[in-house]
Amino acid sequence: MQVTLITIVAVAIAVGLSMILVSATGGSPIDAAKALYTGSVADVAAWSETLKAAAPLLLVALGACISNRAGVFNIGQEGQLLLGAAAGAYVALHLALPGPIVVLLSLLAGAAAGGIWSGASAVMNYTRGVNIVVSTLLMSFIAIQVVSFSVSVPWLLQAPRASADSIASPESAQLPEAVRLMGFGQYPNLEIGGGLVIALILTIVLAVLLGRSRWGFRLNMLGLNPMAARHAGVRASYLGGSALFLSGAFAGLAGAVILSGSVFRLQPALSNNFGWDGLLVALIARSRPIAAIPVALLFGALRSGSSFLASTGVPNYLVDVVQSLLVLAFVVPPVLARVRSRGRAEATTPPSEPVPAATTEPEKVTA
Amino acid sequence: MTDGQTDSARDLEAPALELRGVTKCFGPVVACDAVDLAVRSGEIHGLLGENGAGKSTLMKVLLGLVQRDEGTIMRSGKQVEVPTPQAAVELGLGMVHQHFSLIESLTVWENVSLGEPGRVKRDEIADQIKDVGTRYGLPISPTARVGDLSAGERQRVEIIKCLRRDPEVLILDEPTSVLTMNESQELFEVLRDVVTRENRAVILISHKLAEIMAATDQVTVLRKGSVAFRCATPETSPRELAKQMVGREVSLHSEGAALGLISEDTTPEEVQAAAAEAPVKADPEARTPALALTDVVVKGDDGRVLLDNFGLTVAPGEILALYGVEGNGQATLGDLLSGLLEPTSGTVAINGAAVPMTKIGALHKAGVGVVPEDRHRSGVVLDMSVLDNLVMTDLGRVSGRFLLRRREARKLATRLIEQFNISTPSIDTPLRNLSGGNQQRVVLARELSTDPSVLVAAQPTHGLDVGAIEDMYERLRAAAGRGVAVLLITTELEEVMALASRVAVISSGRVTGVLDIHEATAERLGLLVGGEAA
Amino acid sequence: ACTSPSDTADTSSDSSSGSSDIASKEPDVNGDGKVVVGVLSPGDLNDNGYYESFVAKAEAFTKSKGWTLIKVGSINPADALNQARNLCRQKVDLVALGAAELKDAIPASAEDVCKGTAWYVPSSAEIKQTPQISISRDFINESLLAAGYANGLLMKDKGYTKAGYITGPELDFSVQAAKAFKAGIKEVVPNATLATTYTGDFNDSAKAKEAATAQINQGAKVVYPYLGGATDAVAALATPQNGLLMSTPGTDRCGEPGNKFAVSVIFDPGEYFNAALSDFADGKLKMGVSRDWHLGKDSVPTVKLCNGTADQNAKLKQFIEDIGSGKVVPDTEVSKLGG
Amino acid sequence: MGTEEITTILSSTLRLTAPLAFAACGEYLAERAGTQNISVEGMMLGGAFGSVAVASATGSATTGLLAGAIVGLVVGWLHGNLSHRVQINTFVVGLVLNALVLGLTSFLIAISQFDAHQTAQLSIPGLRDVPILGSFFEQRWPMYTLLLIVPLTWWLVERSRWGLNLRAVADNPQAADVTGLKVNKLRRQALLYCGVLSGLGGAYLATAEVGTFNANMTAGRGFIVIAAVIFGAWRLKGTLIGCLVFGFADALRLALPALGFQLNSQLLVAAPYLMALLAMMLFASKSREPRALGKPFVRGIT
Ligand SMILES: Nc1ncnc2c1ncn2[C@@H]1O[C@H](COP(=O)(O)OP(=O)(O)OP(=O)(O)O)[C@@H](O)[C@H]1O
Ligand SMILES: Nc1ncnc2c1ncn2[C@@H]1O[C@H](COP(=O)(O)OP(=O)(O)OP(=O)(O)O)[C@@H](O)[C@H]1O
Ligand SMILES: [Mg+2]
Ligand SMILES: [Mg+2]
């Protein structure tokens with residue numbers, strides 16, 4: 001209840017700040033607000049875009065839930081996602097099998113590629129002690145170069161040139177209709193992508209597994225006290241490594257879903273911050289899959305709303321600012337409320353700027 | 001003013017520290033309930049109470065670490081506020097905490113100077129450490145890294161840190177639970193020095209009645225957050241104190257050993273008589289040993305040999321005590337048997353079958369239950385619920401192929417909570433919120449509930465109150481009675497005498513001798529502890 | 001690169017048959033009483049160069065007509081389709097793509113949301129002509145060959161033989177551009193060498209500058225910063241004392257104070273768009289056709305020496321005319337000399 | 001390779017390393033206090049922008065440099081308050097702050113026009129003519145402040161009272177709290193220091209090396225800085241060596257084409273990252289990682 005109230009205030013502040021920025025550039029704040037709304041939830045077309053953005057976010061977040069819980073912090077989703085898309089593209093473009101089978105294989109290939117990429121970090125960590133946060137981050141810079149390379153050589157993924165001396169773009173050919181991921185509905189009607197369906201099913205499966213299965217229990221234990229987990233027979237390198245692998249696999253799957261569900265060709269910019277934002281979704285949802293659904297939807301709405309806002313002529317960068325402010329507005333209040341309620345229940349949090357005893361209360365002589 | 005005071009002269013002078021009606025609640029838990037307490041300069045004041053009675057909380061209120069809900073704090077007759085630990089230092093209050101508050105990666109002198117204002121003057125502080133060390137008989141190297149020190153040495157650092165600030169009121173929260181008998185003895189001498197020579201006030205929290213009887217002048221007993229009893233120490237008896245703590249009569253024969261009741265005014269013969277009561281009737285040679293360690297060598301990361309050709313057998317139904325001074329490889333052995341370490345060489349066999357030590361969890365599977373020395377480190381997951389902690393090592397019991405059966409888990413946990421008298425607000429409370437003693441019970445309950453063939457109990461009564469110790473001893477004996485081989489790793493001779501049928505002595509990572517409990521005299525053990533074969 | 005002038009000439013004629021009837025209603029194609037032009041650009045709209053010039057020209061033009069301009073910059077190609085749809089939902093009359101990278105937006109032109117909008121698509125790559133779009137094509141080989149030639153003239157006079165070329169990621173078009181530039185230099189100075197550095201990022205000024213410094217330290221006197229936001233940082237290395245010769249990536253910057261540039265290579269996309277906009281204003285912008293821009297035939301693209309001698313200017317003019325007339329075939333020259 | 005080439009690469013290495021080194025000193029100290037803030041990138045970018053804007057407004061690159069440090073400080077202050085007062089996950093804060101700063105600076109540069117200002121070159125006559133090593137003595141003057149900042153950082157962490165407190169807080173916040181240290185306050189202070197130096201690093205990049213600002217001009221250098229700290233196993237020397245490795249790898253790849261080597265450009269771009277990973281595999285030691293690194297501190301039962 002109180003959280004809702006603070007959230008409303010915080011969002012109002014974020015919106016206010018954004019509006020000031022918008023009007024500073026000569027735009028109309030009202031129009032901007034309208035655009036945010038129109039682009040995200042006003043009609044079915046807008047919902048389609050929101051849902052389309054939410055699906056990969058949710059998938060990345062699911063993976064991040066797994067690794068966060070196991071206490072292995074993966075922040076390289078951006079690269080894993082991109083590689084997943086690359087692997088998916090390779091399968092989709094090179095395999096001559098019936099469409100649905102190709103789609104399935106391409107999604108699996110995406111997951112495998114993302115998993116292998118993060119799995120490499122796991123191997124580096126458990127064999128050589130390389131810090132996971134840093135290695136996943138560095139691996140993601142490398143992934144971008146790998147994908148750039150793959151779309152600039154014809155024998156890998158670059159789209160064939162129209163003629164021998166024409167310029168080839170740094171991207172793959174478009175996926176043929178037959179190997180695209182089917183969904184329900186078609187823009188501008190409500191479009192529910194296959195990716196979203198997959199993401200939702202996986203969310204439920206994962207929620208059950210994390211909350212109810214031996215695997216989920218052991219994962220939590222590993223994350224909270226690796227020593228106790230080891231005593232209870234948990235092999236950190238195996239369970240933690242596989243958690244890292246899975247988180248990469250989910251990111252890779254997200255990449256493959258973006259590829260075969262909405263972009264239809266591999267481009268080095270395909271990842272489009274979905275990796276980072278997906279991680280953010282998981283963190284905000286405190287690594288709980290079910291909670292990640294609304295958060296992913298919120299982020300999806302922010303994305304679609306923002307891109308609509310951009311299309312009204314508000315400079316793109318401002319849109320990023322607005323989005324960051326809104327994210328903060330949604331993140332701060334629950335945490336604030338939690339911290340404050342903890343403060344009240346335990347009263348162990350001292351006043352933030354405590355003053356020495358002598359100055360707070362004059363010492364009284366009560367002999 | 002306060003009852004239980006006899007010396008009228010002392011009544012005139014305001015107590016060094018006085019608490020009036022201090023109350024502190026954590027949500028529904030009333031940790032301290034209108035506690036009155038007065039401590040005078042020149043006295044050692046004992047504070048007793050069961051696990052979770054609120055002792056630590058009360059002291060934290062004094063130290064500015066927890067803010068009280070109600071009540072007043074008086075320092076030399078003046079009402080004061082203690083909003084922060086710094087304020088407490090300014091008021092001349094110093095505390096040695098129940099759980100170490102040292103930073104392992106820092107050196108001794110850095111730890112000692114931590115939390116003070118002003119420039120870091122290494123040489124000055126080092127000199128002071130040496131000074132304080134010689135003055136009170138607490139030698140320590142100021143440049144040693146705390147992470148490399150033994151528990152006893154760390155305790156010394158804590159005390160030096162506290163004393164160097166020249167506190168007028170010194171609070172020690174269970175300072176002896178990790179000390180050997182000699183170390184405790186030395187500590188009490190230091191404390192006596194501090195109060196008589198320097199006229200300071202000391203609050204000593206302990207579960208060991210013998211210590212309280214021997215070392216304190218006044219004693220206050222807390223029960224469920226409120227003061228149950230207070231008295232001048234000479235006017236009371238251990239039996240009375242035990243009764244006041246628990247709220248009922250306590251059997252004082254074998255449990256007395258651990259409480260230190262016996263050592264105070266009993267002869268060695270009586271100790272042996274008490275030990276003979278132990279229901280341990282096992283012939284170690286007769287059967288395959290349940291636990292057999294042969295030529296085990298463990299090396300540390302830095303190449304130091306921690307266990308050196310270590311060999312030991314424990315028969316089913318036997319309680320074997322591994323006795324020795326802290327820091328001679330007990331922790332390593334505990335880690336080894338908890339499956340946290342791999343030996344460099346040697347074998348560990350359970351019921352005659354060698355355990356593949358490289359396989360994680362193999363020991364546990366083979367039937368080794370462990371009550372580890374440092375439960376926070378490897379025994380429990382503080383952020384998981386009591387329920388989860390009770391079932392976590394053996395999920396097979398409460399799950400199908402993949403999924404847990406929550407209902408069964410609840411049933412099991414509820415049963416264990418009842419059986420082991422674990423006091424917790426609810427089964428779903430995070431373990432973090434239980435008092436130290438109750439956390440220990442959770443570990444024991446879990447490890448015993450899996451029907452192990454070997455139970456390793458490392459310092460199992462550390463931090464436990466009388467009732468809990470009684471309970472713990474009964475359960476260890478009962479386990480042995482059921483045929484479990486119990487390896488008791490301990491630094492307390494009374495515990496050895498009270499429980500074990502055989503005693504092995506560890507020194508510098510090797511077993512220097514194994515004695516039948518009847519042959520174990522203080523002299524022989526002392527020689528073995530010193531590293532000489534008997 | 002690209003299609004040779006001879007085979008693109010007929011694209012416009014044969015595809016016009018499929019053109020829609022939008023032209024008749026221009027410029028208020030959707031008939032809502034106002035004219036709105038929407039520009040989608042993959043690049044930074046303030047890059048002080050290629051992408052900025054596109055919207056700058058559009059801005060000036062729409063202002064003069066009293067139309068509304070919506071400009072959206074830094075669009076991720078993967079997001080192009082969505083952005084185009086969004087523009088259509090804003091009821092624009094003309095959707096203009098800033099560069100061919102956004103070609104995946106084109107399918108929107110056939111969708112219901114974009115019904116009744118005109119489309120302008122610039123292209124140096126091959127984009128399939130559809131009845132809903134109007135394509136504008138230019139040929140990077142022509143411009144860069146001439147740019148190389150102009151630099152070659154300057155190098156020859158000063159006796160330089162080393163040149164440098166710096167660009168961002170190693171993409172096919174930048175590779176092609178490097179080849180054409182090299183070929184152009186070699187037309188004049190056959191023994192010249194060209195060092196090509198890919199910094200990986202069009203906008204990382206510090207790295208571009210280091211790359212340029214390395215080239216300069218190795219004796220390069222001609223440097224072509226074929227970059228985006230990092231262009232100016234590199235150009236700042238040229239001082240009157242060190243005699244470095246810089247060329248511009250796309251726009252005319254000869255007149256700027258400080259005389260940083262020696263050669264303006266002008267293939268300003270804004271110029272092409274401007275032409276399309278005036279057609280649009282007159283109701284003559286046809287969908288389903290493409291228009292080609294050739295060096296030596298049209299006023300843009302072209303290459304200019306900022307401080308050229310009369311002789312150099314004349315030679316450059318002749319070379320450009322030769323390209324226009326087909327006497328010099330850029331693609332052949334590039335494959336001959338650019339390798 | 002002749003001396004000419006070596007000099008080219010060496011001086012380029014210095015220039016590419018310096019901005020990293022500034023920020024690395026800050027991030028090193030912050031991590032020694034147990035904070036892990038990926039907002040270094042935002043601090044650097046904000047610092048770069050602030051320095052150029054203020055240099056243009058005042059006409060003084062030096063003032064700009066200071067302003068850059070202040071912008072970094074503000075970002076550090078924000079991060080500190082959000083993650084060590086409000087207790088929002090530090091990675092969430094980092095990700096959001098990076099996006100915010102990137103958006104804001106890109107936006108502001110789009111609507112403003114700045115003059116280029118560059119700090120003066122300080123070259124030491126005589127020494128600068130020494131072959132190869134001469135490049136050390138011919139740099140923009142702010143680079144020489146590193147000669148102060150590096151020892152200062154070392155002194156602060158290893159010798160000062162504050163540093164002692166920071167190290168305690170990084171290793172065992174619960175114990176530090178019991179000892180009376182204000183854990184979260186110390187961490188916020190560490191982030192302020194990190195902010196100042198990271199801002200300075202960005203400002204150095206913009207006003208000393210480049211002279212202008214362009215959108216996203218730091219291009220991931222903040223992440224490299226974090227990698228350098230971990231690469232250096234949380235020791236200052238190692239951290240600076242890490243920065244040098246990255247600087248050298250970049251210098252090498254940018255100079256190689258000019259020296260007549262053509263290698264695959266994607267491989268070259270990825271080379272620094274590959275080198276860092278390889279080096280960490282060979283030398284990484286987890287044992288020096290602050291034990292509470294990146295973990296929020298909340299007071300509880302001890
Ligand atoms: N921060 C807290 N939040 C919730 N409950 C707490 C907290 N601190 C203490 N408690 C509860 O308060 C009660 C008193 O705890 P305290 O630590 O003072 O016991 P104690 O007498 O020191 O016990 P022990 O002998 O086991 O150390 C216990 O029930 C404990 O669970
Ligand atoms: N004069 C001094 N004043 C204050 N602190 C000091 C002084 N000399 C050393 N220290 C502290 O003592 C510790 C050990 O000092 P020493 O000089 O042996 O370090 P070191 O072994 O060279 O350091 P490192 O292990 O980091 O390489 C240092 O970490 C530092 O905190
Ligand atoms: Mg306690
Ligand atoms: Mg209209």
Side-chain angles (χ1 to χ4, degrees), chain B residues 26 31 52 56-57 59-60 63-67 82 84-90 93-107 109-122 125 146-147 158 161-162 165 173 301-302 376 382-383 430-436 439, chain D residues 28-29 31-34 87 89 152-187 189-190 233-236 283-302:
Chain B
F26 296 104
S56 300
T57 306
M59 295 304 116
K60 284 185 195 160
L63 265 275
L65 289 166
V66 166
Q67 297 305 308
V82 196
T84 63
Q86 285 87 355
V89 171
E90 277 166 39
L93 306 177
M95 175 153 171
V96 175
H97 292 272
Q98 178 175 11
H99 296 267
F100 284 125
S101 61
L102 298 177
I103 316 286
E104 292 192 0
S105 65
L106 301 183
T107 57
W109 73 263
E110 284 173 322
N111 265 291
V112 166
S113 83
L114 202 64
E116 293 173 358
R119 289 194 49 197
V120 186
K121 297 180 195 126
R122 176 174 67 166
I125 297 167
V146 167
E158 288 264 20
K161 175 176 170 182
C162 193
R165 295 183 196 178
D173 194 352
D301 288 335
D302 49 1
H376 287 184
L382 288 172
D383 290 309
L431 196 84
R432 188 179 281 288
N433 289 356
L434 260 57
S435 79
Q439 292 177 0
Chain D
Y28 160 75
L29 184 132
E31 296 217 0
R32 287 305 297 271
Q87 304 278 13
N89 180 306
L152 173 73
T153 306
W154 177 86
W155 183 85
L156 280 175
V157 172
E158 299 290 346
R159 288 288 182 269
S160 77
R161 162 70 56 194
W162 186 56
L164 179 58
N165 292 348
L166 294 184
R167 284 182 285 146
V169 154
D171 203 60
N172 190 345
Q174 311 294 343
D177 178 58
V178 169
T179 315
L181 300 183
K182 293 176 185 139
V183 177
N184 283 319
K185 189 171 178 186
L186 281 163
R187 288 184 168 175
Q189 288 168 348
W234 295 275
R235 287 297 176 271
L236 190 53
F283 311 119
S285 94
K286 235 179 148 58
S287 60
R288 291 190 149 178
E289 177 172 340
R291 282 198 305 170
L293 183 66
K295 299 194 182 87
F297 168 72
V298 186
R299 204 177 264 178
I301 289 190
T302 48

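All heavy atoms count here, side chains included; hydrogens, waters and symmetry mates do not. Proteins come first, then strands; the chains are lettered A, B, ... in the order of their sequence lines, and each starts at number 1.
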>> Would D:R159 and B:R122 count as a side chain to side chain contact (heavy atoms under 4.5 Å, CB included) here? Give the steps.
In response: CA-CA 9 Å; D:R159 288 288 182 269; B:R122 176 174 67 166; 5.8 Å; no

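D:R167 places no side-chain N or O within donor-acceptor distance of the main-chain N or O of B:I103, the cut-off being under 3.5 Å. At least one donor-acceptor pair under 3.5 Å links the side chain of D:R161 to the backbone N or O of B:G118.
Nearest heavy atoms, B:P85 versus D:G180: CB-CA, 3.5 Å. Across every non-hydrogen atom of B:L114 and D:L164, the tightest pair is CD1-CG, 3.8 Å.
Rounding to the nearest 0.5 angstrom, the gap separating the CG atom in B:L65 from the CG atom in D:D177 is 6.0 Å. Here the NE2-CD distance, from B:H97 to D:Q174, works out to 12.5 Å after rounding to the nearest 0.5 Å.
The greatest number of non-hydrogen atom pairs below 4.5 Å with chain B, out of D:L181, D:T179, D:N165, is found for D:T179.
The closest side-chain heavy-atom distance from B:L63 to D:V178 is not below 4.5 Å.
Residues forming a side chain to side chain donor-acceptor pair (under 3.5 Å) with D:W162 (at least two apart in sequence, or on another chain): D:Q189. When the side chain to side chain donor-acceptor pair (under 3.5 Å) test is applied to D:D171, the partners found at least two apart in sequence or on another chain are B:S105.
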